[in-house]
Amino acid sequence: VQLQAFGGGLVQAGGSLRLSCAASGLTFGSYVMGWFRQAPGKEREFVAYISSWSGGIISYAEPVKGRFTISRDNAKKTVYLKMDSLKPEDTAVYYCAAGSGRQVVAAAYDYWGQGTQVTVSS
């Protein structure tokens, strides 16, 4: 199983980025897909998840509600995280993950991508 996250970069506050996570080696549609982030010196924290198959159930962490949008394309085996109105406190390494339950805890996920750095300047 491989999850490959990309799309990070340096952006000014108020800007936007779209992260992508391409999966291989698993039945992508059957997995809950999540995004987590980890800032320097902090624990990894939940950002968003989208349920399996149709993705009809979505959850966001409070700090990103209304600014981030998670989506999935099962045909492309890819999950996305569109990030708008970015703030300096969004600076972190962002990780995608695949799991079998709709969970906000990192331990519940089975597979992880390598992470992509997002830096938001003020």
Side-chain angles (χ1 to χ4, degrees):
V1 174
Q2 268 197 320
L3 301 178
Q4 191 165 13
F6 53 95
L10 173 63
V11 64
Q12 288 189 331
S16 298
L17 283 174
R18 189 178 81 155
L19 306 183
S20 301
C21 174
S24 61
L26 75 170
T27 306
F28 178 78
S30 69
Y31 281 84
V32 173
M33 298 301 298
W35 285 97
F36 289 75
R37 65 186 182 186
Q38 188 166 18
K42 295 187 176 182
E43 291 188 354
R44 192 168 298 191
E45 65 174 6
F46 167 74
V47 174
Y49 73 67
I50 184 167
S51 60
S52 58
W53 300 118
S54 66
I57 298 174
I58 288 173
S59 179
Y60 296 99
E62 283 296 328
V64 309
K65 275 184 180 177
R67 300 188 297 122
F68 289 12
T69 304
I70 189 171
S71 61
R72 66 188 298 155
D73 185 330
N74 293 335
K76 294 182 178 179
K77 296 185 178 182
T78 300
V79 62
Y80 305 96
L81 185 69
K82 180 72 186 322
M83 305 184 295
D84 296 313
S85 303
L86 282 161
K87 304 176 181 180
E89 51 265 43
D90 294 319
T91 295
V93 177
Y94 283 70
Y95 299 89
C96 59
S100 55
R102 299 192 301 271
Q103 299 284 353
V104 301
V105 292
Y109 288 79
D110 303 312
Y111 306 107
W112 290 84
Q114 84 287 3
T116 184
Q117 176 71 48
V118 172
T119 303
V120 184
S121 63
S122 56

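Excluded from the calculations below are hydrogen atoms, water molecules and symmetry mates; all remaining heavy atoms, backbone and side chain alike, are included. One is the number of the first residue; the rest follow in order along the sequence.
- Considering all non-hydrogen atoms of both residues, Ala98 and Met33 come closest at CB-SD, 3.6 Å.
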Apply side-chain contact (heavy atoms from CB on, under 4.5 Å) to the pair Tyr31 and Asp110, showing each step before the final yes or no. CA-CA 10 Å; Tyr31 281 84; Asp110 303 312; 4.2 Å; yes
Between Ile50 and Val79, is the side-chain contact (heavy atoms from CB on, under 4.5 Å) condition met? List the steps. CA-CA 9 Å; Ile50 184 167; Val79 62; 4.2 Å; yes
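- Note that the CZ atom of Phe28 and the CZ atom of Arg72 stand 4.5 Å from one another [nearest 0.5 Å].
- Taking the six-membered ring wherever Trp is involved, the centroid distance between the rings of Phe36 and Phe46 falls below 6.0 Å.
- Tyr109 is listed as a side-chain neighbour of Val32, based on a closest heavy-atom distance under 4.5 Å.
- Side-chain contact between Val47 and Phe68 is present, with at least one heavy-atom pair separated by less than 4.5 Å.
- One finds the CH2 atom of Trp112 at 5.0 Å from the CZ atom of Arg44 (value rounded to the nearest 0.5 Å).
- How far CD of Gln4 is from CD of Gln114: 5.5 Å, rounded to the nearest 0.5 Å.
- Under 3.5 Å, the side chains of Thr78 and Asp73 contain no donor-acceptor pair of N or O atoms.
- Looking at Ser51, its side chain does come within 3.5 Å of a backbone N or O of Ile57 through a donor-acceptor pair.
- Side-chain contact check for Lys82 versus Ser16: some heavy-atom pair is nearer than 4.5 Å.
- Rounded to the nearest 0.5 angstrom, Gln12 CD and Ser121 OG are separated by 5.0 Å.
- Considering every non-hydrogen atom in both Ser52 and Gly29, the closest pair reads CB-O, 3.2 Å.
- Contact annotation: the side chain of Val11 never approaches that of Thr119 to less than 4.5 Å [non-hydrogen atoms, C-beta and beyond].
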Criterion side-chain contact (heavy atoms from CB on, under 4.5 Å) on Tyr49 and Ile58, from CA distance to verdict: CA-CA 6 Å; Tyr49 73 67; Ile58 288 173; over 6 Å; no
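- Not one N or O on the side chain of Tyr94 forms a donor-acceptor pair closer than 3.5 Å with the backbone of Ala5.
- Among all heavy-atom pairs drawn from Lys77 and Leu26, the shortest one is NZ-O, 4.1 Å.
- For the atom pair OG1 (Thr91) and CG (Leu86), the distance works out to 8.5 Å, reported to the nearest 0.5 Å.
- Remark: Cys96 SG to Leu19 CG distance equals 9.0 Å, nearest 0.5 Å.
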Check step by step if side-chain contact (heavy atoms from CB on, under 4.5 Å) holds for Asp90 and Arg37. CA-CA 9 Å; Asp90 294 319; Arg37 65 186 182 186; 2.9 Å; yes
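- Evaluated for a side chain to side chain contact (heavy atoms under 4.5 Å, CB included) with Cys21, the options Tyr95, Trp35, Tyr80 yield exactly one hit, Trp35.
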